[in-house]
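We use all heavy atoms of the structure for the numbers below, so side chains are in, but hydrogens, waters and symmetry mates are not. This one's a predicted model, so the numbers in the text were calculated from it and none came from an experiment. Numbering starts at 1 and runs along the sequence shown.
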Amino acid sequence: IAFGVALFLGATELGEPLELGGQILRDSTRTMSASGNIVIVAKDDRSAKQLGALPWPRRYDAALIDKLREMGAKTIAMDDGFTSMTNQTDDAALAGAFDRFGGKVWLNTIIERDGVTDKLFPDVQAPLFRTRTQQAHLMYWYNLFGQIRYLPESIKIRDVSSRSLAEILADKGLISGYDTHDFEMRPRINDISNFFSTGELRPDFAIDFRTIPTISAIDIIKGNVDRSAIAGKIIMIGKTDETFATTTAIPWYGRVPVVY
């Protein structure tokens, strides 16, 4: 009987409130600050007011990457996929910025669903950008309360394999010989945000997201930031503006941009 009840609770996620309550209690007893090794460069509302609504012309992304390179950034990760072309001038500017950084930029591999066949497929970067960058995925699983519960170590769709961008940010993917486990992504209930994995990463919500160093993209572009804030850091360029930012729930803070 106990085994049957456990299977039922696991399959229906009815035990999620208890799990979440336990997590809140555990995390509240060990709250900690972020290391500061990862810096978020935010495409925020203030930047959008000065440069225009997102998505920006790619010359702005190129300028942002060049500025970060000049300031000594170690690695740049972006929550953009750049899967299509826009115009020749802007696309060439972005490709040039990728070249100047020498392959140290990671882009998001997007997973889409075919509206006719209902099958998943990778919507990868346009060839001009894919050959100049490295790729990682931003897939994650939400629980019933809109909170990110885990991220797969890697995904594999139609022979395209990508490690988690979270792993890259944690510097794990930059270590020679670090092993990850590919798995076939299997959707359930026709929702690509739900999947099973043999290897997963779980966010540590005891880390106060407010302590992650965050700099407005417009301040980087305009040169209003001291070099010491960027030099040697891993940079995550992500959306935090109210219109375009995807959000997740952290019970004791409310909804926050997924980039955190």
Taking every non-hydrogen atom, the tightest pair across [X] and [Y]:
X	Y	value
S228	D226	OG-OD1, 2.5 Å
I235	I230	CD1-CD1, 3.9 Å
D91	L128	O-CD2, 3.9 Å
Q147	F205	NE2-CE1, 3.4 Å
S84	R58	O-NH1, 2.7 Å
L51	Y60	O-CE1, 3.6 Å

Between [X] and [Y], is any pair of side-chain heavy atoms under 4.5 Å apart?
X	Y	result
Y260	R210	no
R69	R100	yes
D80	K239	yes
I65	F101	yes
P213	V39	yes
W141	L151	no
T109	M139	no
P55	F244	yes

ring-ring contact (aromatic ring centres under 6.0 Å, His included) between F209 and Y253, intermediate numbers included: CA-CA 9 Å; F209 83 96; Y253 296 121; 5.1 Å; yes
From CA spacing to verdict: salt bridge (charged side-chain N to carboxylate O under 4.0 Å, His left out), K43, D61: CA-CA 10 Å; K43 293 183 176 181; D61 291 297; 2.7 Å; yes
Salt bridge between R30 and D204, side-chain N to carboxylate O under 4.0 Å? yes
Does the pair K49/D241 count as a salt bridge with the N-to-O cut at 4.0 Å? no
ILVMFWY cluster, [X] and [Y] together (side-chain gap under 4.5 Å):
X	Y	result
L138	I250	yes
F129	W56	yes
I221	M71	yes
W106	I40	yes

Applying the side chain to side chain contact (heavy atoms under 4.5 Å, CB included) criterion to I237, which one of V259, L64, V105 satisfies it? L64
Partner of M236 under side chain to side chain contact (heavy atoms under 4.5 Å, CB included), chosen from D79, I212, V41, I76: D79
Has the side chain of Q125 got a donor or acceptor atom that lies under 3.5 Å from a matching backbone atom of N108? yes
As an exercise, state the distance from [atom1] of [X] to [atom2] of [Y], rounded to the nearest 0.5 Å.
X	Y	atom1	atom2	result
S216	D45	OG	CG	9.5 Å
F98	K104	CZ	NZ	15.0 Å
Q135	R130	CD	CZ	4.0 Å
L94	T86	CG	OG1	8.5 Å
I234	L169	CD1	CG	6.5 Å
N224	I218	CG	CD1	8.5 Å

Between S47 and D44, is any side-chain donor less than 3.5 angstrom from a side-chain acceptor? yes
